[in-house]
Amino acid sequence: MLYPSIPTVPLPPFPSLAAVLRLLRRETAGGGSLLLTKQAHARAIVFGLHHHPLISSRLVTAYSLFGLPALSRLAFCDSASRNVLLWNSLLAALSHNASPREVLATFHRMRVCSHEPPDGYTLALVAKASSEIGDARIGRGVHALVEILGFGSDTVLGNTLMAMYFKCLRPNDARQVFDEIPVRSVASWNALILEHVNAGGTEHWELVREMQSEGFELDGFTFSTLLPLCAEGYAATDDLGRQLHCYILRHNVGMGSKLHIGSSLIKMYCNGGRTAAGRSVFDHELQRNVFTWTAMIAGYVENGDFREAIRLCHSMHSVDGIMPNEVTLVTILPAVGSLARLDFGKQIHGFASRRCSNSQSSLNNALIDMYSKCGSLATARHVFDDESWHKDGISWSSMISCHGIHGEGNEALKLFEKMCSLGIKLNHVNILGVLSACSRAGLVKEGMQIYSSLVGSHGFIPSSEIFSCMVDMLGRAGKLEEALDFIDSMSFEPKPSVWSSLFRAAVTHCNRDVQHLASEFLIHSEPENPSHYVSLSNLHASCGRWDGVELVRKSMEVKGLRKAPGLSWIDVNGMAHSFYVADKSHLCTEMIYKAVDCLSQEMKVACNCPVLDNEQMKREARTIQSDHRVSLTRLPGQANRLT
DNA sequence: ATAGGGTTAG
């Protein structure tokens, strides 16, 4: 067995038990000095103190705080006398840094070797380990032992056993444990409520009332559980989220839980689209940590305010001295991609490779997506091909979509096959990814094949997004009749997105009948959406039916509908330039239009297209642009992005 | 003993 390297620190003249103990105080070890811990260990060995159970258990715990279970075990093994305290320290160290099975194995050794019976702390650690394994038989054994050893009325152990039965999917046993706890605590109720929330039922509010009627106050844990349920609150008349927020402020809830509550509140408001309310919580928080910041950044990202998200990410260090962590980076990367801010994306990549481990799939997945959205297919692929990290389902899905976005349908299909052969489970997202890749690349046959094999042989139930994608695939390829048949064959009412796909296709292929049909359905299913009226009006205009135009405009007026004109914008050297349709207001208009013409020509040559007249050319350019050069991402109430 | 922030499509 290897001893830790003994540092060459001069020993004080009269080393004593107390001096070693002082070095092994939790604060010293937890404060980050592995060197001091090793120094203490060395001294203990030199003076034979490492046999003392108090010293050895401190050593076990100290190494555990550094995440070094092998050294914890070493300190344990070296001790000549082992009491419950020492065994418990080892079990706790393994519980934090090793597998639950190792905890149980060590517990069995303790039962055989130790002359002292386990205490409540031992049993709590073992119950926790058995809940992580999720095996109810093992759990029942622990429960029996708790009763036999006389801890049956212990509140903390009761709570642990209850959580254990929930994790082992034995809710009835869990409930029985709860009912039999003689003196319940807030934690007992919190655990019960959490499980009901996770199970997706509605009884949790009833439980909260019951808890209050028994005289318990809701605490920070209760609110962390309840707040996520209130995101949609403001739409309802009673706005539960705000009510809970007021309760928290009035009762000053959250001794020691202020940070948890803060980030939960921010998330709750932002999930309901109320970023301003979330920001107000954020600004008034007396203490913020990386969770608080990440919650606020995520709120902006989710609601499409990418610039504010990036601004916050930049200022977290200067304002609060807090560094972004991996989760923060994973949160901000989609915003970077949506704004096509390759420069910032590269900075994040550099920052991550310096400060984070390279093993996190989620971070690498987000990087692939960011590079892909910024137009950097090669870099995205480079990250993907790096073999030092483990690829999960999302990694494959991201890479497949990335090739799809860049028009490389065949490469997307190749990856999809490989993904399936690796046994990665298919879901709505990764199927939609490969189908939309087929759609963009015009691989109709291949896309149909995947669709029918999944729906036909594998009993997959397609989502409405997948239906729209299939209509889009057929429509782009000009197969409008087949697209209509496909819509007919759908087993449920087509969502507006299905009709939108059909409408776009009909515009591209100049089929006025289908345009008309789709636009009627769109107006019928979303009568409050102004875009549909404008589309119909434009259709009438293109046929010279000015009375139709008039009619549509009137009905918009009656309904009080106005459509905000669409914008496109492009970032040039950090400056955003935006354009309306046929906009001529830019200072460099002439130059810009010349450049666009050149690009269109180049694209046509690249696509081997015949030279067309001016009208045809414009139409063609629009189609090609929407497929390749220009990817349009709609931001709510904002502009489109040009990449 | 019970809790807080995140990645793929559209």
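Numbers restart at 1 for each chain; the letters A, B, ... are given by sequence-line order, proteins then strands. Computed from heavy atoms alone, side chains included, the values below leave out hydrogens, waters and symmetry copies.
For Ser257(A), the side-chain atoms get nearest to dA3(B) when compared with the rest of dA3(B), dA1(B), dG4(B). When the nucleotides dG5(B), dT7(B), dA9(B) are ranked by their closest atom to the side chain of Val429(A), dA9(B) comes out on top. Out of dA9(B), dG5(B), dA3(B), the shortest distance to the side chain of Leu432(A) is found at dA9(B). Out of dT8(B), dA1(B), dA3(B), the shortest distance to the side chain of Leu194(A) is found at dA3(B). Checking dT2(B), dG4(B), dT8(B) against every side-chain atom of Asn289(A), the shortest atom distance belongs to dG4(B). Of the listed nucleotides (dA3(B), dA1(B), dG5(B)), dA3(B) has the atom at the smallest distance from the side chain of His260(A). Listed candidates were dT2(B), dG5(B), dA9(B). Nearest to the side chain of Ala187(A) is dT2(B). In the set dT2(B), dT7(B), dA1(B), dT7(B) carries the atom at the smallest distance from any side-chain atom of Val330(A).
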Determine all donor-acceptor pairs shorter than 3.5 Å in which one atom belongs to a side chain in residues 422-435 of chain A; sequence neighbours excluded.
unit_1, atom_1, unit_2, atom_2, d
Asn427(A), OD1, Val429(A), N, 3.0
Asn427(A), OD1, Asn430(A), N, 2.8
Asn427(A), OD1, Asn430(A), ND2, 3.4
His428(A), NE2, Ile461(A), O, 3.0
Asn430(A), OD1, Asn427(A), N, 2.8
Asn430(A), ND2, Lys425(A), O, 3.2

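Counting any heavy atom pair closer than 4.0 Å across all strands shown, Gln360(A) reaches a base atom. Nucleic acid contact for Ser185(A): base, since at least one base atom lies under 4.0 Å from a heavy atom of the residue. Note on Asp369(A): only backbone sugar-phosphate atoms sit closer than 4.0 angstrom, heavy atoms only; bases stay farther off.
Note on Arg440(A): a side-chain N or O is less than 4.0 Å away from OP1 or OP2 of dG10(B). Phosphate proximity of dA3(B) to Lys267(A): absent, as no side-chain N or O sits under 4.0 Å from OP1 or OP2. When the side-chain nitrogen and oxygen atoms of Ser436(A) are compared with OP1 and OP2 of dG10(B), one or more of them lie within a distance under 4.0 Å.
For the pair Trp293(A)/Ser315(A), a side-chain contact is recorded, criterion being any heavy-atom separation below 4.5 Å from C-beta on.
Computed from coordinates, the Asn198(A) CG to dA3(B) P distance equals 9 Å when rounded to whole Å. Distance CG (Leu226(A)) to P (dT2(B)): 17 Å, rounded to an integer number of Å. Taking atom CG of Leu244(A) as the reference point, atom C1' of dA3(B) lies 15 Å away to the nearest angstrom. For the pair Leu415(A) CG and dT8(B) P, the interatomic distance rounds to 18 Å; values are reported in whole Å. Taking atom NZ of Lys391(A) as the reference point, atom C1' of dT7(B) lies 15 Å away to the nearest angstrom. At whole-Å resolution of the value, CE in Met162(A) and P in dA1(B) are 13 Å apart. Going from atom CG of Asn364(A) over to atom P of dT8(B) covers 14 Å, rounded to whole Å. Between the CD1 atom of Ile424(A) and the P atom of dT7(B) there is a distance of 19 Å, rounded to whole Å.
Scored by the side chain to side chain donor-acceptor pair (under 3.5 Å) test, Ser395(A) finds Asn365(A), Asp392(A) as partners (sequence neighbours excluded). A search for side-chain contact (heavy atoms from CB on, under 4.5 Å) contacts involving Ser464(A) returns Phe492(A), Lys495(A), not counting sequence neighbours. Every residue two or more places apart in sequence or in another chain was checked for a ring pair (Phe, Tyr, Trp, His ring centres under 6.0 Å) with Phe107(A), and none qualifies.
Between Phe486(A) and Tyr451(A), the distance from one ring center to the other falls under 6.0 angstrom. Aromatic pair His314(A)/Phe344(A): centroids less than 6.0 angstrom apart.
The base of dT8(B) lies outside donor-acceptor range of the side chain of Ser398(A), with no N or O pair under 3.5 Å.
At a non-hydrogen distance threshold of 4.0 Å, nothing from residues 120-128 of chain A comes into contact with DNA chain B.
Counting only residues at least two apart or on different chains, the salt bridge (Lys or Arg N to Asp or Glu O under 4.0 Å) pairs with a member in residues 279-291 of chain A are Arg279(A)-Asp283(A), Arg279(A)-Glu308(A), Arg288(A)-Asp320(A).
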